[in-house]
Amino acid sequence: MIQYDKILSLGDVERIVWGGEPLSLADSAVARLERSFGFLKEFAADKVIYGINTGFGPMAQYRVSDRHLNELQYNIIRSHSTGAGAPLDDADVRAVMVARLGTLLQGYSGIHASVAQLLVEFVNRGIYPMIPRHGSVGASGDLVQLAHLGLALIGEGEVHYRGRWCATADVLKQEGLQPMSVYIREGLCITNGTSVMTGIGMNNLIMARKLLRWEEVASAMINEIVESYDDFLSEEINAAKRHDGQIRIAAELRRWLEGSRSLRDRQKELYDGRHEGEEVFEHKVQPYYSLRCVPQILGPVMETLDFAEQVLVDEMNSACDNPIVNPDTGNVYHGGNFHGDYVSFEMDKLKIAVTKLTMLAERQLNYLFHDRINGILPPFVNMGVLGLNYGLQASQFTATSTTAECQTLSMPNYVHSIPNNNDNQDIVSMGTNSALIARTVIENSYQVLSILMMAVVQAVDCIAAQERLAPASRRIYDEIRAFFPVFRDDTPKYRDIERMIAYLKERKIEL
């Protein structure tokens, strides 16, 4: 069990969201919540504070009478539960709840500790509020979608529970849980902030890191298949470029390829003077860029993911609501910590990086399929009768069209602010849209990588290269062939693609 105090790492999120590990609140976290709540309760007694005794947004100029203060908090939840589109899946909702806890546990929200405790129960018991895909402009954070979270916490709306949609009230009764109560500003606090875009973003990052690993694996195996010269991965050439990501990618590929009997030694084969009489070299002196420039292409992708992790972890472990309640200074500050520009910008950069990774995979796929380019494989790694059978020819259509969609979706969303809310929100982040578009790019990339890996193992069989592969590559080959056998006859491949995607997502790769 993970004890949640104030800071979670990306690894913690992965264990909770994807590993199903339960969590609990540290005593220090509960104490911080109680201190913040106690201070706000006393401080707000005779003061005008936004969202406690005023309206919300452009309605903040209107004071709300004391007899309606509780009603005010319920009203923001109910009135803002206006999302549309398909619900977020369970993993994203789980990440959203973890991210919301991250904000509350900083102790700057003035919220009652029971709200955080109820969120923990939702996470641990697999109770997933219905949060629609559309509704957020990313400032004041994810108001609409977090309102749907709040709706479930007050015992209304729907939740996904044990594989089906149920009335929240029925699930709470079954689980023996009490709905969230309103004390001071619980309604505003639960709806105000960047937790939806941050939760989705954390999942995006976890999935994108796996994609990077698989593209490294595919790149290593393709270079083995075509017997590339090994110096493109050498420590010397990559250190000369000085970029950390490039150096790390090259080092990881060298480790992966340890024990390979396929790569060629340039020193022995081309520098020994035995080729003086040759006019045309049968083996390519330098392979195509999609094989040779892998460290240079994937290095920036790695560094982009690294920086995105720093930003997202910081965002999750920050107070992202408004106003900020600070018991240490004895004050309540009104500002804009709910603005999602940090997350939005990183999601745009992440999707661009994943698109470039996908483009590399598509070009490598084309290299394997194009017999006149690679010079050693049958067209489309077709092991049947040419003309009668077609190998993976049609799979390339899927990979190419999907890559093209990624390229279109890579247009930045961060710069698409549209004023709304009577121009109170006159510049917004669109952070959740950015995160959701990035998710589509990531899912597309898994489709392309699945077809590439199908082609890689088929290519290995075309030239009977199994015994020359590095031990790490051979393990992957054997695992894939266990559920995707070598083929010669034409059969539908859409189920094979689905199985390969599931394998890529579930298999943990260490380089």
Side-chain angles (χ1 to χ4, degrees), residues 40 48-62 64 72-84 88 96-97 99-104 106 108-111 115 129 131-151 153 182 184-201 311-312 314-316 318-326 332-347 413-414 416-436:
L40 181 62
V48 175
I49 301 177
Y50 171 78
I52 292 180
N53 48 18
T54 76
F56 303 112
M59 300 296 170
Q61 303 310 112
Y62 297 92
V64 176
L72 174 70
Q73 298 302 315
Y74 284 106
N75 283 350
I76 190 172
I77 292 173
R78 291 168 178 150
S79 68
H80 283 59
S81 294
T82 57
L88 299 181
V96 167
M97 292 191 289
R100 197 66 202 149
L101 278 167
T103 282
L104 302 183
Q106 302 310 305
Y108 294 121
S109 298
I111 199 168
V115 179
I131 301 178
R133 177 183 175 91
H134 291 143
S136 174
V137 296
S140 301
D142 302 308
L143 286 172
V144 166
Q145 285 148 318
L146 285 174
H148 282 270
L149 171 61
L151 196 66
L153 291 174
V182 168
I184 304 177
R185 57 168 300 211
E186 279 67 27
L188 175 62
C189 185
I190 207 65
T191 59
N192 190 226
T194 61
S195 302
V196 174
M197 67 179 80
T198 301
I200 296 171
V311 170
L312 286 166
D314 283 347
E315 187 75 24
M316 181 180 64
S318 297
C320 66
D321 51 354
N322 179 61
I324 293 296
V325 178
N326 193 322
V332 174
Y333 301 91
H334 292 68
N337 279 6
F338 49 64
H339 215 279
D341 266 41
Y342 273 102
V343 177
S344 185
F345 199 13
E346 292 311 309
M347 288 298 98
N413 191 65
Y414 171 70
H416 285 179
S417 174
I418 300 176
N420 68 115
N421 195 230
N422 280 10
D423 277 351
N424 171 53
Q425 298 183 8
D426 57 348
I427 183 165
V428 297
S429 74
M430 297 296 179
T432 300
N433 282 356
S434 296
L436 288 166

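From a predicted model like this one, the values you see are computed outputs, not experimental measurements. Numbering starts at 1 and runs along the sequence shown.
Among residues two or more places apart in sequence or in another chain, the side chain to side chain contact (heavy atoms under 4.5 Å, CB included) test is passed with L72 by F56, V64. Applying the side chain to side chain donor-acceptor pair (under 3.5 Å) criterion to N413, with sequence neighbours excluded, gives S434. Considering only residues two or more places apart in sequence or on other chains, Y74 meets the ring pair (Phe, Tyr, Trp, His ring centres under 6.0 Å) condition with none of them. Partners of H80 according to the side chain to side chain donor-acceptor pair (under 3.5 Å) rule, which considers only residues two or more places apart in sequence or in another chain, do not exist here. Every residue was checked against the side chain to side chain donor-acceptor pair (under 3.5 Å) condition with E186, not counting sequence neighbours, and none meets it. When the side chain to side chain donor-acceptor pair (under 3.5 Å) test is applied to Y50, no partner is found at least two apart in sequence or on another chain. Every side chain to side chain contact (heavy atoms under 4.5 Å, CB included) that S195 has, sequence neighbours left out, goes to A99, R100, T103, L146, C320. For N337, the side chain to side chain contact (heavy atoms under 4.5 Å, CB included) partners two or more places apart in sequence, or in a different chain, are I324. With sequence neighbours left out, V311 forms a side chain to side chain contact (heavy atoms under 4.5 Å, CB included) with F307, Y342, E346.
By the 4.5 Å heavy-atom criterion applied to side chains, M197 and S344 are not counted as neighbours. Residues I418 and M430 form a side-chain contact, since some pair of their non-hydrogen atoms from C-beta on lies under 4.5 Å apart. Side chains of F338 and N192 form a contact here, defined as non-hydrogen atoms less than 4.5 Å apart. Put simply, the side chain of I190 reaches to within 4.5 Å of the side chain of I77, judged on heavy atoms. Side-chain atoms of P323 and H334, non-hydrogen and from C-beta on, do get closer than 4.5 Å to each other.
When all heavy atoms of L88 and R133 are compared, the pair lying nearest together is CD2-CA, 4.2 Å. The shortest heavy-atom contact between I76 and G187 is CG2-C, 3.6 Å. Looking at every heavy atom in both residues, R185 comes nearest to L40 through CD-CD2, 3.5 Å. Contact record, Q73 with G51: NE2-O, 2.7 Å, taken as the closest heavy-atom pair. Closest of all the heavy-atom pairs between S136 and N433 is O-OD1, 4.1 Å. In this structure, V144 and G83 approach most closely via the heavy-atom pair CG1-N, 3.4 Å.
Taken from SG in C189 to CD1 in I111, the straight-line distance is 3.5 Å, to the nearest 0.5 Å. A distance of 8.0 Å separates CG in L188 from CD1 in I52, rounded to the nearest 0.5 Å. Of the inter-residue distances, the one linking L143 atom CG with T432 atom OG1 reads 10.0 Å to the nearest 0.5 angstrom. The structure places NE2 of H148 at 8.5 Å from CD1 of I131, a figure rounded to the nearest 0.5 Å. Rounded to the nearest 0.5 Å, atoms NE2 (H134) and OG1 (T82) are 13.0 Å apart.
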Set out, in order, the CA-CA distance, both residues' side-chain angles and the distance that settles side chain to side chain contact (heavy atoms under 4.5 Å, CB included) for V48 and T54, then state yes or no. CA-CA 7 Å; V48 175; T54 76; 3.7 Å; yes
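Using modelled atom types and a 3.5 Å distance limit, the side chains of S318 and Q106 yield no donor-acceptor pair.
Within the 3.5 Å criterion, the main-chain N or O of I427 finds a donor-acceptor partner in the side chain of H339.
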